[in-house]
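Numbered from 1 within each chain, the chains take letters A, B, ... in sequence-line order. Values below: all heavy atoms of this structure, side chains included; hydrogens, waters and symmetry mates excluded.
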2 protein chains.
Amino acid sequence: MENKGNFGQPASAPTARERPTLKTIAFMTGLGVTTVSRALKDAPDIGAETKERVRMVARQLGYQPNRAGVRLRTGKTNVIALVLSIDEEIMGFSSQMVFGISEVLSGTPYHIVITPHSHSKDPMQPVRYILDTGSADGVIISRIEPDDPRVRLLTERGMPFATHGRTDAGLTHPFHDFDNEAFAHQAVEKLVKRGRRRIALLQPPSKLTYYAHIRIGFQTGLHDYGAEEVPLRVNTDAPLADIRDIVEVMMRSANAPDGIVCSAGSAAIAVNAGIEAAGKALGRDLDMVSKQSVPILNWIRPEIITAQEDVRQAGREMAKAVIARIDGVEPELLQSVSQPTWPESGR
Amino acid sequence: MENKGNFGQPASAPTARERPTLKTIAFMTGLGVTTVSRALKDAPDIGAETKERVRMVARQLGYQPNRAGVRLRTGKTNVIALVLSIDEEIMGFSSQMVFGISEVLSGTPYHIVITPHSHSKDPMQPVRYILDTGSADGVIISRIEPDDPRVRLLTERGMPFATHGRTDAGLTHPFHDFDNEAFAHQAVEKLVKRGRRRIALLQPPSKLTYYAHIRIGFQTGLHDYGAEEVPLRVNTDAPLADIRDIVEVMMRSANAPDGIVCSAGSAAIAVNAGIEAAGKALGRDLDMVSKQSVPILNWIRPEIITAQEDVRQAGREMAKAVIARIDGVEPELLQSVSQPTWPESGR
DNA sequence: CATTTCTACTGTATCGTTACAGATTGCGTG
DNA sequence: CACGCAATCTGTAACGATACAGTAGAAATG
């Protein structure tokens, strides 16, 4: 856990095994530390030949700037903080996002730090921590609400960030979102095309922005294709056991739906269990459409009609967006919405 | 007597909105920066009353030490690096581990940095990076091999670390592992108790240490309970489609097994699909036992006999182990193995 | 020829923290 | 009364990088 050995003496001895610093390069090239620093960042007041020499030596030594030095002097942390809700998921949702993000960051000096929190507790806490300690250059958050206080705070403090999901309160900020409205609309279409007309919706919690997107897509779908809604009093955040039980009751009732639209892959598993518990069969008594972020549902029941939400891609988009924002690109230009894809059933 | 003392430097202006530093506290208490620093770390040469005062002011200001300052001066990064293989998982395996780790780290100054890599590429690369740049105080790695080169390198360089899985080459190091031998043994027992005698094993890739653990548990199980193995030529790392197809072929063949032991939850889903594709039914024609890290299998088929591997707990254990190791605790004392738990089926 | 203007480099101070080597004061001792 | 010794507290110099204000030398200008 310690690293120096270089005491006392003036200029600098190469000290073979130590990690190279600007001083090492300066010593080897016979230049000043400042020159080396500026040469490596391609400053205009350094001679071309000198730059070349410095770069060669730096490469040769495997020089990597000391992050603490840079951070202390410039305030640049080279860190992107990913704020995750630990009760957010059962499936590999956030892993995929992490991997997408790191794909993009791997070509940059940025590191990714995970800042978890329980969304039952204060969701502002991690954001405040990051702002107060200046521990990141950029932030990625999810589970966005229409007037999300985190978005407000981050904007107000000028911290670059990207969100997974949109807001709806006149704030302009980078985001990536899945087109949940299109998904819900298309889901209804698929069901109606299979002759289903009485459709239930397992929707997200109403405080999240995409609740409205799902609702609108669903309702215009019902209208456009001439179907009606069978109410379902539970949302995707409920414990799987609750979802199962409520779906079972619904499926046993007189006005059971003949179609279900499900807004989350993990919940779909519970819905399926509820359907089976009621003695109904997908494809025969009813059809189900679900979105999923990991291709798993068709392994469980090939009959489930699935739309893919590419969360890894979302991670990539958001990582690119935050970095662009850090580099001063206007937020308007850093917004994207991805369309649902409907893989041909099969496996 | 002539103490001209401080000339030039007027200690420091409070500058209300700035982030407080030691200097701020020094200014407010009228003490020197050094004194404040030492007071906050409860050094023995600082008066009790002074410490109290410093602590009060620090708390009042919401002082948090600047990580870059500490890191630059001491070399301590306060970072734990989690090295993850991005193709490691489909399910929420690594998320659960991340959350377990952060539970423990949340009470400490440590941050968690995710360092991903593709295990098809060079698995040493992230470890080398961390060592070369000194970017973490401790490392957590998984997918351990019997003579894992990463374990060798980390040990050699004196970097504190913990592994998810054991090695088998005379190296002593902190680890947390799931008792795969016990799992496989008990799995065979469960199957035989249900009257199954011809058992197939879906095993992990042979290069990983726990391959041997699974094999031994399985084989002693076969021996102890009087069953025989039906060979299955595929491992848990194979694409799910391959697993499904191979299982289907096996289940259609003349000597189809009447029991299957499966070493990974995601693979079990594919195995189940293969079984169903062959027209066989769990509980009737055969039984399956699988381990899982996320309670999902019984939602798919209640008949699957599942053992729970608590990956979140593993994350907690490893985080505690790395920190203890950083604090100088002997590696021998930082090893733990968790037992499979067999939740009563149902949900 | 003196002066300005470039070009190419360099020294110093600084970010926040801590290791280290002093200071200062009070007080008990011989 | 000088001395030693605790008990407290403090200034300085790093750690590695960069912003800023120079400087030296050569070339262009008047």
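In terms of position along DNA chain D, the nucleotide closest to B:Val33 lies nearer the 5' end than the nucleotide closest to the other residue of the pair B:Val33 and B:Gly69. Both A:Pro20 and B:Ile46 lie near DNA chain D, and the one whose nearest nucleotide falls closer to the 5' end is B:Ile46.
The side chain of B:Leu22 lies closest to C:dT18 when the candidates are C:dT18, C:dT12, D:dA17. With D:dA17, D:dA13, D:dC9 as the choices, the nucleotide that has an atom nearest any side-chain atom of A:Arg73 turns out to be D:dA17. Nearest to the side chain of A:Thr74, among D:dT18, C:dT18, C:dC9, sits D:dT18. Counting only heavy atoms from C-beta on, A:Leu31 has its side chain closest to C:dT10 among D:dC9, C:dG16, C:dT10. Considering only side-chain atoms of B:Lys41, the nucleotide from D:dA17, D:dC15, C:dT18 that sits closest is C:dT18. Listed nucleotides: C:dT17, D:dG16, C:dT18. Nearest to the side chain of B:Pro65: C:dT17.
Note on B:Thr21: only backbone sugar-phosphate atoms sit closer than 4.0 angstrom, heavy atoms only; bases stay farther off. Counting any heavy atom pair closer than 4.0 Å across all strands shown, A:Asp45 reaches a base atom.
Spacing between atom CD1 of B:Ile25 and atom P of C:dG16 amounts to 12 Å, rounded to whole angstrom units. Rounded to an integer number of Å, the gap from CD of A:Gln64 to P of D:dA17 is 11 Å. A straight line from CZ of B:Arg71 to P of C:dG16 spans 17 Å, rounded to a whole angstrom. The interatomic distance linking A:Leu40 (CG) with D:dT18 (P) rounds to 8 Å, in whole Å. For B:Asn66 and C:dT18, the CG to P distance is 10 Å, given to the nearest whole Å. If you take NZ of B:Lys23 and C1' of D:dT12, they are 14 Å apart, rounded to a whole angstrom. Rounded to whole Å, the distance from CZ on B:Arg38 to C1' on C:dG16 is 17 Å. Atom-to-atom, NZ of B:Lys51 to P of D:dT8 comes out at 9 Å; the value is rounded to the nearest Å.
Residue B:Tyr63 places at least one side-chain N or O under 4.0 Å from the OP1 or OP2 atom of C:dT17. Not one side-chain nitrogen or oxygen of A:Thr34 sits closer than 4.0 Å to the OP1 or OP2 atom of C:dG11. At D:dA17, none of the side-chain N or O atoms of A:Ser37 fall inside 4.0 Å of OP1 or OP2 (strictly under the cut-off).
Between B:Gln335 and B:Pro174, every side-chain heavy-atom pair lies at or beyond the 4.5 Å cut-off.
A ring-centre distance under 6.0 Å is found for B:His173 and B:Phe161.
Checking side-chain atoms of B:Arg150 against main-chain N and O of B:Leu154 turns up no donor-acceptor pair under 3.5 Å. Within the 3.5 Å criterion, the main-chain N or O of A:Thr77 finds a donor-acceptor partner in the side chain of A:Asp137.
Shown here for B:Pro65 and B:Arg19, the closest heavy-atom pair between the two residues is O-NH2, 3.4 Å. Nearest heavy-atom pair, B:Ser85 versus A:Phe99, reported as atom, atom and distance to 0.1 Å: O-CZ, 4.0 Å.
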